[in-house]
Amino acid sequence: MLGIWKMDESIEELWDMLPDKQWEKLRVADRDLPFPHSEPRLKEWLTSRLLLKELLGQPHGITHDATGAPRIADSPFQISLSHTRGYVAIILSDTQRTGIDIEYASDRVRKIRSRFLSAEEESFIDPQSEIQQLLICWCAKETLYKIIGQEGVDFSVHLHIHPFRYSAPEGTLQVYESKTGLQKQYTLSYKVCPEFTLTYLNA
């Protein structure tokens, strides 16, 4: 299950979407993390819980494991979530650890490309679709990082993307990891919109 929420509502409007008692239960479920007080973080917190409710049909708290990865309280589903400017995205799986990443559209990814791309990956970036491919690669490696759940990961060394050609607005790409020694491969889907780029693990 995959959901995306555009955060157009005010904080007051988001609070009004659930009774106070339900919000209090969700706050208790988040006891392992400080409750957000800044307006952007609070908006993300409220929206992610509302989106999870839309996907599962009832409210659920979100806890975190030792690595900081999210977990759903009282549910067998695996969860991955991501925030970017104006959007929250969640993916759920009842069969495997999953991953998702969303990033707002910007050319700033050019400045950090050396942090996450290897020389081999740089070689397949098409100048005609440079920004789109760079954003897909960044999101794909963030997604893969969430899937493997390992600490001490170097994005340019341990996370790998097979060459792919950009096709708008959607497509797939193959990725694998070398951090654990298993070199497990995954197929990720991507979606490119004017406002954001999204990648996630296929079920």
Atom NZ of K25 with >12 non-hydrogen neighbours under 6.0 angstrom: no
Give a yes or no on whether the backbone of S10 and the side-chain of E13 come within a donor-acceptor separation of less than 3.5 Å. yes
Single-linkage hydrophobic cluster, 4.5 Å side-chain cutoff, Y166 and L117 together: yes
Please confirm whether the ring centroid of Y87 lies under 6.0 Å from the ring centroid of F196. yes
As a test of understanding, state which of N202, T143, T172 forms a side chain to side chain donor-acceptor pair (under 3.5 Å) with S189. N202
Could you please spell out the steps behind the side-chain hydrogen bond (donor to acceptor under 3.5 Å, both in side chains) verdict for Y186 and T98? CA-CA 10 Å; Y186 301 89; T98 189; over 6 Å; no
State, yes or no, whether a side-chain contact exists between R71 and I62 at a heavy-atom distance under 4.5 Å. no
How about D107: does its CG atom have over 12 heavy atoms from other parts shown lying under 6.0 Å from it? yes
Between CD on residue Q96 and CD1 on residue I147, distance to nearest 0.5 Å: 7.5 Å
Verdict with supporting geometry, H162 and Q185, side-chain hydrogen bond (donor to acceptor under 3.5 Å, both in side chains): CA-CA 10 Å; H162 289 294; Q185 301 204 36; 3.1 Å; yes
Approximate separation, where rounding is to 0.5 Å, of L173 CG and F124 CZ: 8.0 Å
Closest non-hydrogen contact found for R97 with D65 is NH1-OD2, 4.3 Å
Are the side chains of C137 and F164 in contact, using a 4.5 Å heavy-atom criterion? yes
Specify whether F155 and W138 have parallel, tilted or perpendicular ring planes, treating 30° as the upper limit for parallel and 60° as the lower limit for perpendicular. tilted
Does T199 reach the main-chain N or O of C139 with its side chain, forming a donor-acceptor pair under 3.5 Å? yes
Measuring only between side-chain heavy atoms, which start at C-beta, is L135 closer than 4.5 Å to V192? no
Go through the steps for L159 and I148 under the test side-chain contact (heavy atoms from CB on, under 4.5 Å), then give the verdict. CA-CA 10 Å; L159 307 179; I148 66 174; 3.9 Å; yes
Considering only heavy atoms from C-beta outward, does the side chain of R113 approach that of I125 to under 4.5 Å? yes
What residues form a side chain to side chain contact (heavy atoms under 4.5 Å, CB included) with D94, not counting sequence neighbours? F77
Judged by atom type as modelled, is there a donor-acceptor pair below 3.5 Å linking the side chain of H60 to the main-chain atoms of G57? no
Rounded to the nearest 0.5 angstrom, the CG-CE distance for L55 and M1 is 6.0 Å
Test your reading of the model: is there a side-chain donor-acceptor pair from T47 to the backbone of E44, 3.5 Å cut-off? no
Does atom CZ of R41 have more than 12 heavy-atom neighbours, drawn from other residues, nucleotides or ligands, at distances under 6.0 Å? no
Decide yes or no on side-chain hydrogen bond (donor to acceptor under 3.5 Å, both in side chains) for E121 and S118, but give the supporting numbers first. CA-CA 5 Å; E121 291 161 345; S118 67; 3.3 Å; yes
Residue list, side chain to side chain contact (heavy atoms under 4.5 Å, CB included) with E170, at least two apart or on another chain: K191
Is there a side-chain contact between V88 and I102 (heavy atoms, below 4.5 Å)? no
Going by heavy atoms in the side chains, are H160 and Q183 under 4.5 Å from each other? no
Residue pair I90 / I100, side-chain heavy-atom distance below 4.5 Å: no
When you look at D126 and R165, which way does the side-chain contact (heavy atoms from CB on, under 4.5 Å) test go after all the steps? CA-CA 8 Å; D126 185 345; R165 297 187 67 179; 5.8 Å; no
